[in-house]
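Down below is the structure, laid out as structure tokens.
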Amino acid sequence: MARTTSLSGFPEWLPEERIVEQHVLDELRRTFELHGFSSIETRAVETVEQLLRKGEIDKEVYGVSRLQQDEDEKSPREGALALHFDLTVPFARYVVENNGYLTFPFRRYQIQKVWRGERPQEGRAREFTQADIDVVGDGTLAFRYDVELALVMIEALSRLPIPPFVLRVNNRKLAEGFYRGIGLDDAPAVLREIDKLEKIGREAVSANLQANVGATAEQAASALDLASIRTEDTSFVAQVRALGVRNDLLEEGLAELAEVVGEAARRAPGKVNADLSIARGLDYYTGTVYETVLVGHEQLGSVCSGGRYESLASTGKKNFPGVGLSIGVTRLVTRILSQNMATASRAVPSAVLVALNDDESWSAAQDVAGQLRARGIATEVAASPQKFGKQIRYAERRGIPFVWFSTAQEDGSLTHEVKDIRSGEQITADPTAWQPPREDVHPTVHTTRTP
């Protein structure tokens, strides 16, 4: 029913699919917390004024209002509410409002739903889950965090049942310094055109640079020559310098990018590329920018992106620079499921079904279930004393691997046996001590293939 009547762009998973999604979320949480990131959650709504202060995605915001509000309650636009379309804008507000209670540099991770009113397609939903990590400083933030976040994200993604991936890194200072060095002062406008390179190609971008930015053919060619540089190590530095452009901001960007790529190449070879075509369209990025693609699934787009921002959050007196990355969890999970990259071992948490001999044995069966649950073994009790064959078939349909049988003795005591219905093996067991194999305690996720 959910599959045939679901709203377009609002995905809902079956139980076994949800287990795969939860596995992804658990691995991300575990990695982020191993690196000292604290979990926060912000409210689902922000004021429209807050959400649109950067002015980018007006048409994608879902407004929120009471259906039964009175006429005099209708608010002007500046007081209206809307669902947040990412986690960065709410996080910036959170930092400003709570800065007196936070310890800086503040290391945060946040995993929540977000909403965008865009056209649904593969990899894009209207309701989806994002997983963000950021480090924010009070006044200043050491560049070393740009390096650290790249390494944390590589580790997090490496734990997931996905194909090989590449974290592509660039630096806004490098790009803007280069553009200024060739006489193009409107660096954001150039970046917006370069950001279209993969979609429309070199010739179209060159034409746009000349028509929209005022570049000469030579300047457009130089900008595109820079964007064509891609290396797995720091050799990009020599390639950029060979283009013959000199600028102080360019040199600063080269040094920063070399630090990120050099350390990542040493610790995670093959996982990071210096890709000087990466622009990231959002204006608030000021230094390092990241995008991540799955090898062989590049058409899916970036599954993890972010960058350095020097002034995303400010109180007027205080400035909070930061660096962050965001994973499109729903985009990843959709591809994992559609390509059968991973499957759950079963669709239910239950490892054991306690069978009933008769109606009078239900209370004793609950005692057994309680003993098993006390040791972390998810257990169900059969609802009625059907023939054992029917109770076993019920367990099979549910995906429950073990069925528990209790037999009353003449002295009133109970003996217990547990049957592995997959192998047929049945053994004597003590409900206070028996333990299923480790892989059967909870549903597990198996990687089936990584195309």
Side-chain angles (χ1 to χ4, degrees), residues 56 119 121-124 164-247 249-254 256-258 260-261 265 270-283 285-307 331:
E56 270 104 3
R119 183 174 65 85
Q121 54 187 296
E122 185 177 11
R124 290 186 180 274
F165 62 88
V166 176
L167 179 66
R168 305 189 298 185
V169 192
N170 196 5
N171 190 290
R172 281 286 184 88
K173 295 176 184 177
L174 187 164
E176 292 187 20
F178 186 91
Y179 302 150
R180 293 176 188 175
I182 61 175
L184 295 175
D185 293 330
D186 191 354
V190 180
L191 284 167
R192 283 192 289 272
E193 299 302 335
I194 293 294
D195 202 28
K196 304 171 186 175
L197 185 58
E198 287 191 355
K199 293 181 179 179
I200 65 177
R202 183 182 176 102
E203 290 186 8
V205 170
S206 176
N208 286 351
L209 286 170
Q210 295 175 61
N212 301 333
V213 185
T216 65
E218 292 74 18
Q219 288 171 325
S222 293
L224 287 164
D225 286 343
L226 179 74
S228 69
I229 295 174
R230 294 172 177 79
T231 70
E232 293 185 359
D233 53 27
T234 58
S235 61
F236 70 88
V237 176
Q239 294 185 38
V240 173
R241 288 184 174 146
L243 296 177
V245 177
R246 298 291 179 264
N247 179 275
L249 188 61
L250 166 62
E251 291 300 319
E252 186 178 342
L254 279 171
E256 290 184 353
L257 184 57
V260 174
V261 174
K271 298 290 189 183
V272 65
N273 280 357
D275 186 336
L276 305 196
S277 70
I278 301 301
R280 300 298 302 153
L282 297 175
D283 290 341
Y285 292 125
T286 56
T288 308
V289 286
Y290 316 88
E291 284 192 356
T292 310
V293 294
L294 302 182
V295 177
H297 300 260
E298 289 82 1
Q299 77 283 359
L300 185 63
S302 178
V303 297
C304 172
S305 57
R331 176 175 291 192

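Small disclaimer: the values here were computed from a predicted structure and weren't measured.
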- Message: Would Lys173 and Leu250 count as a side-chain contact (heavy atoms from CB on, under 4.5 Å) here? Give the steps.
- Response: CA-CA 6 Å; Lys173 295 176 184 177; Leu250 166 62; over 6 Å; no
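Formation of a donor-acceptor pair under 3.5 Å by the Thr216 side chain with backbone atoms of Gln219 is found in this model. Between the side chain of Arg124 and the backbone N or O of Arg331 there is no donor-acceptor pair closer than 3.5 Å.
Identified under the salt bridge (Lys or Arg N to Asp or Glu O under 4.0 Å) test for residues 214-224, with sequence neighbours left out: none. Within the structure, the side chain to side chain donor-acceptor pair (under 3.5 Å) test picks out the following pairs touching residues 236-245 (sequence neighbours left out): Arg241-Glu251.
The shortest side-chain heavy-atom distance between Leu209 and Ile194 falls under the 4.5 Å cut-off. For the pair Val303/Phe165, no side-chain contact is recorded, criterion being any heavy-atom separation below 4.5 Å from C-beta on. With contacts defined as side-chain heavy-atom distances shorter than 4.5 Å, the pair Phe178/Leu249 does not qualify.
Considering only residues two or more places apart in sequence or on other chains, Asn247 meets the side chain to side chain donor-acceptor pair (under 3.5 Å) condition with none of them. With sequence neighbours left out, Thr292 forms a side chain to side chain donor-acceptor pair (under 3.5 Å) with no residue at all. Residues that satisfy the side chain to side chain donor-acceptor pair (under 3.5 Å) test with Glu176, not counting sequence neighbours, are absent from this structure. Residues forming a side-chain contact (heavy atoms from CB on, under 4.5 Å) with Glu232 (at least two apart in sequence, or on another chain): Asn273. Every residue meeting the side-chain contact (heavy atoms from CB on, under 4.5 Å) condition with Val169, not counting sequence neighbours, appears here in chain and number order: Leu167, Leu257, Val260, Val272, Thr288, Tyr290. For Glu298, there are no side chain to side chain donor-acceptor pair (under 3.5 Å) partners two or more places apart in sequence or in a different chain.
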Per-pair distances, 0.1 Å, donor-acceptor, side chain in residues 197-205, under 3.5 Å, sequence neighbours excluded:
{"unit_1": "Glu198", "atom_1": "OE2", "unit_2": "Arg168", "atom_2": "NH1", "d": "2.8"}
{"unit_1": "Glu198", "atom_1": "OE2", "unit_2": "Arg168", "atom_2": "NH2", "d": "3.3"}
{"unit_1": "Arg202", "atom_1": "NH2", "unit_2": "Asp225", "atom_2": "OD1", "d": "3.0"}

Side-chain atoms of residues 179-187: list all donor-acceptor pairs with protein atoms under 3.5 Å, sequence neighbours left out, distances to 0.1 Å.
{"unit_1": "Asp186", "atom_1": "OD1", "unit_2": "Ala189", "atom_2": "N", "d": "3.4"}

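What you find for Asn171 and Val289 is that their closest heavy atoms are N-CG2, 4.2 Å.
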